[in-house]
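What you see is a predicted model, and the numbers here were worked out from it, not measured in a lab. Residue numbers begin at 1 in each chain, while the letters A, B, ... track the order of the sequences.
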Number of protein chains: 2
Amino acid sequence: MKLEDPAARFRRFARAVTSEVGALNSSFLGRGRPLGAARMLNAIGRGRSDLADLRSYLGLDSGLASRLLRELEGEGLVATRPDAADGRRRVIRLTEAGCREFDAYERLSNSRAEVVLARSPNAPALLAAMDLVANTLASDRLCIDEVHPQSSEALYCLREYYAELDRRFEGGFEVARSRDPDSGDMVAPRGTFLVAMIDDLPLGCVGLKRTGESCAEVKRLWVSGSARGLGIARELMVSVEEAALSFGVRKLVLDTNRALEEALAMYRAWGWREIARFNDDPYADFFFEKMLAG
Amino acid sequence: MKLEDPAARFRRFARAVTSEVGALNSSFLGRGRPLGAARMLNAIGRGRSDLADLRSYLGLDSGLASRLLRELEGEGLVATRPDAADGRRRVIRLTEAGCREFDAYERLSNSRAEVVLARSPNAPALLAAMDLVANTLASDRLCIDEVHPQSSEALYCLREYYAELDRRFEGGFEVARSRDPDSGDMVAPRGTFLVAMIDDLPLGCVGLKRTGESCAEVKRLWVSGSARGLGIARELMVSVEEAALSFGVRKLVLDTNRALEEALAMYRAWGWREIARFNDDPYADFFFEKMLAG
DNA sequence: GAGGATATCTGACCTAGGTCAGGTAAATGA
DNA sequence: TCATTTACCTGACCTAGGTCAGATATCCTC
């Protein structure tokens, strides 16, 4: 191997992972069903009930999809019926037996995953590395969703966010001591809460909280360490500004801590202006505002 | 996604990487040759000239391998002739045209690799993550080879080793200031130099240098950060002790620095006994010996 | 030098996966 | 209302990949 050549290192990675993925795929064959049918069963089990959707997700020709579907139907694993709203479409769901078969596949891939993870002396580091790779490879599938601040995605982000603040702030961080501990009113029309996800894994968040008729505060901007540099913070801020505008907000404010240097640099670069302290949060050192041009 | 579930995170990784690898594989199809033939051409180009070896490496049936080979032969890309030593065997090599075709595939996969790496804001971190994943997945392919201390593998390891010492020692590290800067005499029978590799990437090394008839010094034990915890240091030490025994050495000594805490713990756990300073190396703080039971 | 082992080749056959040209029935729009 | 579009199905056909049972030539061992 040309030791310093990044392409060679990437190809080594691809080789290692290909053989692992190959083993995973061929382990599905133990259930006496070709891979295509197993993949379709899996996709249906994950809630894809629309055939056209299935087709495009699995990248199948309409004839092939139809045949695979009939195969599963013949085994009694799925049932289809015409869509009530559009008689041409067919709605697909797993039968009782289909659910059992789906669960069997789930257990298979989970156990394979666990075998691999068990091989690692340091599973958290391995998972972090896998996240970083997956985030980079799939960065074009980034999506920003509005969620309830009590949803599991939001709670996960906030937990990670607080843990990171606790690591980075000199004296640690406790939510209860911050000025504004609850995220309950970050719900439209009093605010919003956005989560950035790639392939269903939340990687960043931002909250918005109205403080007046045309004024709101941006809070809890966070991006996972495994997704830094992909422009997620930027996307979140653009989205939250759009949301604010849609509420009729014209002025945004925020506060932040001196330990969060990258954030400070970003705010300055993205048109935020430093202003005087406007609250007594013990963790806040810097204060910014931004006027929105509607 | 069940956010805390490692298996789900692993599967997300597998999905992301599968689609990437799929894209890489299908990019090979642009050269009008099925994947199997392309893989065989690639393996031949990498120096596998023995058909049986090719077969087992690519996991092919003898009939299939023979057919693919004839296909490539028909295209004029490879030439075969009977093995001089064993007339049943055939020796395979690329023709002029085959080399050109091989190079074209090389360029293809390199350019795909570069596209992916360019997508990353921090290519070194991405490569480190890929190395960690590949090392873990392929840890059963670890092999320990004796190499010349001037070989490219050894020089790579030493460079990485010195760089790590420079990061970890309080006042930095300069080879020239160490007591024993050259590795030139770590060659049998005066010593040896071992490199640990997984899939051709060097991940660790250790040197042995005789200091007397039945005494030798262990030097330059290093394991890459992307491969810690896989037991490589242990394997290297076992191998170097075996090598020492084969030279008739009965007593090993070594020195190390207080910053290398894991190493200190390992030496103690593996039967090394702390002894008095035996040299004036400015970087050495601890001194150990171990008697070998032949 | 006979008999068995080994390396490769050949032809017959199979499956999974995929393409394509219609066909049917429902929905849509002028 | 009627032509067009859409969603799905069907049958014919193809390729890549893979298995298997011999056939052939060479090697090894006694």
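- Using a 4.0 Å cut-off between charged nitrogen and carboxylate oxygen, B:Arg46 and B:Glu106 count as a salt-bridge pair.
- Here the P atom of nucleotide D:dC8 and the CD atom of A:Glu71 are 18 Å apart, to the nearest Å.
- Every side chain to side chain contact (heavy atoms under 4.5 Å, CB included) that A:Ala38 has, sequence neighbours left out, goes to A:Tyr105.
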Seminar exercise, completed: Contact string for nucleotides 24-30 of chain D, one letter per nucleotide 5' to 3', B = base within protein heavy-atom range under 4.0 Å, S = sugar-phosphate only, - = neither, reads --BS---

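- In this structure, the side chain to side chain contact (heavy atoms under 4.5 Å, CB included) partners of A:Glu241, at least two apart in sequence or on a different chain, are A:Leu252, A:Trp272, A:Lys290, A:Leu292.
- Taking a 4.0 Å limit (strictly below) on heavy-atom distances, residues 73-81 of chain A does not reach DNA chain D anywhere.
- A:Arg112 places no side-chain N or O within 3.5 Å of a backbone atom of A:Ser27 that could act as its donor or acceptor partner.
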For residues 116-132 of chain A, which side-chain donor-acceptor pairs fall under 3.5 Å, sequence neighbours excluded?
{"residue": "A:Arg119", "atom": "NH1", "partner": "B:Leu137", "partner atom": "O", "Å": "2.6"}
{"residue": "A:Ser120", "atom": "OG", "partner": "A:Asn122", "partner atom": "N", "Å": "3.0"}
{"residue": "A:Ser120", "atom": "OG", "partner": "A:Asn122", "partner atom": "O", "Å": "3.3"}
{"residue": "A:Asn122", "atom": "OD1", "partner": "A:Ala125", "partner atom": "N", "Å": "3.3"}
{"residue": "A:Asp131", "atom": "OD1", "partner": "B:Arg9", "partner atom": "NE", "Å": "3.2"}
{"residue": "A:Asp131", "atom": "OD2", "partner": "B:Arg9", "partner atom": "NE", "Å": "2.8"}
{"residue": "A:Asp131", "atom": "OD2", "partner": "B:Arg9", "partner atom": "NH2", "Å": "2.7"}

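- Checking side-chain atoms of B:Asn110 against main-chain N and O of A:Ala7 turns up no donor-acceptor pair under 3.5 Å.
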Exercise. Can you list the steps and then say if A:Leu230 with A:Leu142 is a side chain to side chain contact (heavy atoms under 4.5 Å, CB included)?
Worked result: CA-CA 10 Å; A:Leu230 299 175; A:Leu142 174 70; over 6 Å; no

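- Regarding A:Leu29, its CG atom lies at a distance of 14 Å from the P atom of C:dT15, rounded to whole Å.
- In terms of phosphate contacts, B:Arg89 brings a side-chain nitrogen or oxygen within less than 4.0 Å of OP1 or OP2 of C:dA7.
- Atom-to-atom, CG of B:Leu51 to P of C:dT8 comes out at 5 Å; the value is rounded to the nearest Å.
- Taking a pair as Watson-Crick or G-U with both hydrogen-bonding distances under 3.5 Å, the stems of three or more pairs touching DNA chain D are C:1-30 with D:1-30.
- Pairs of residues two or more places apart, or lying in two chains, never qualify as ring pair (Phe, Tyr, Trp, His ring centres under 6.0 Å) while including a residue from residues 62-82 of chain A.
- Shown here are the side chain to side chain contact (heavy atoms under 4.5 Å, CB included) partners of B:Ala97, two or more places apart in sequence or in another chain: B:Leu77, B:Thr95, B:Arg100.
- Computed from coordinates, the A:Arg70 CZ to D:dC8 C1' distance equals 10 Å when rounded to whole Å.
- Put simply, B:Arg55 has no side-chain N or O that comes within less than 4.0 Å of OP1 or OP2 on C:dA7.
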In residues 63-76 of chain B, what donor-acceptor pairs under 3.5 Å come from side-chain atoms, sequence neighbours left out?
{"residue": "B:Glu73", "atom": "OE2", "partner": "B:Thr80", "partner atom": "OG1", "Å": "3.0"}
{"residue": "B:Glu75", "atom": "OE1", "partner": "B:Arg33", "partner atom": "NH2", "Å": "3.0"}
{"residue": "B:Glu75", "atom": "OE2", "partner": "B:Arg33", "partner atom": "NE", "Å": "2.9"}

Report, one pair per line, the protein and nucleotides 16-23 of chain C atoms (nitrogen or oxygen only) whose separation is under 3.5 Å.
{"residue": "C:dG17", "atom": "OP1", "partner": "A:Gly36", "partner atom": "N", "Å": "3.2"}
{"residue": "C:dG17", "atom": "OP2", "partner": "A:Gly36", "partner atom": "N", "Å": "3.4"}
{"residue": "C:dG18", "atom": "O6", "partner": "A:Arg67", "partner atom": "NH1", "Å": "3.4"}
{"residue": "C:dT19", "atom": "O4", "partner": "A:Arg67", "partner atom": "NH2", "Å": "3.1"}

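- Among residues at least two apart or in separate chains, salt bridge (Lys or Arg N to Asp or Glu O under 4.0 Å) pairs with a member in residues 80-94 of chain B are B:Asp50-B:Arg89, B:Asp86-B:Arg88, B:Asp86-B:Arg89.
- Distance A:Leu69 CG to D:dC9 P: 6 Å, rounded to the nearest Å.
- A salt bridge between A:Arg141 and A:Asp199 is present, with a side-chain N of the basic residue lying under 4.0 Å from a carboxylate O of the acidic one.
- A:Leu155 meets the side chain to side chain contact (heavy atoms under 4.5 Å, CB included) test with A:Gln150, A:Arg159; sequence neighbours excluded.
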